[in-house]
Amino acid sequence: MTDSRIIFITLSVANKLRVVCDLVEQEYMNGNRVVINVDDEEEGKSLDKMLWTWKQSSFIPHSFISDQSDSPEEPVLI
């Protein structure tokens with residue numbers, strides 16, 4: 001049985017998407033799955049774009065939960 005943990009982080013910083021990308025990369029590199037809750041679809045799309053472009057040397061596979069079937073496979077879900 002796999003242990004699960006839930007961490008809630010509320011960010012009040014100017015460059016929130018950048019900080020989220022850093023945190024997501026860290027968790028992904030540690031082999032953890034990540035679910036990111038966003039305020040609205042626009043913020044989700046901005047985060048999606050940022051995860052693809054924020055760092056040249058990084059690739060973080062991700063998708064929107066709404067794009068998934070009943071059992072999401074991507075390690076990072078928005």
Check: With sequence neighbours excluded, what pairs up with N37 under the side chain to side chain contact (heavy atoms under 4.5 Å, CB included) test?
Finding: none
Margin query: Can you give me the closest heavy-atom contact between L17 and S46, atom names plus distance?
Written below: CD1-CB, 3.7 Å
Next item on the list: Side-chain contact test, heavy atoms from C-beta onward, threshold under 4.5 Å: evaluate it for S63 versus L77 and give yes or no.
Entry: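 SC-SC contact between S63 and L77 confirmed.
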Next item on the list: Measure the shortest side-chain to side-chain distance between I60 and V34 over non-hydrogen atoms and say whether it is less than 4.5 angstrom.
Entry: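 Side chain of I60 against side chain of V34, heavy atoms only: no contact under 4.5 Å found.
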Donor-acceptor contacts under 3.5 Å from residues 18-31 side chains, at least two apart:
{"residue": "R18", "atom": "NH1", "partner": "W54", "partner atom": "O", "Å": "3.4"}
{"residue": "E25", "atom": "OE1", "partner": "K55", "partner atom": "NZ", "Å": "2.9"}
{"residue": "E25", "atom": "OE2", "partner": "K55", "partner atom": "NZ", "Å": "3.4"}
{"residue": "E25", "atom": "OE2", "partner": "S58", "partner atom": "OG", "Å": "3.2"}
{"residue": "E27", "atom": "OE1", "partner": "R5", "partner atom": "NH2", "Å": "2.8"}
{"residue": "E27", "atom": "OE1", "partner": "N32", "partner atom": "ND2", "Å": "2.7"}
{"residue": "N30", "atom": "ND2", "partner": "Q26", "partner atom": "O", "Å": "3.2"}

Next item on the list: Measure the OG1-NZ distance between T10 and K16 for me, rounded to the nearest 0.5 Å.
Entry: 9.0 Å
Checklist line | K45 NZ to D40 CG distance, which is reported to the nearest 0.5 Å | finding: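 It comes to 10.5 Å.
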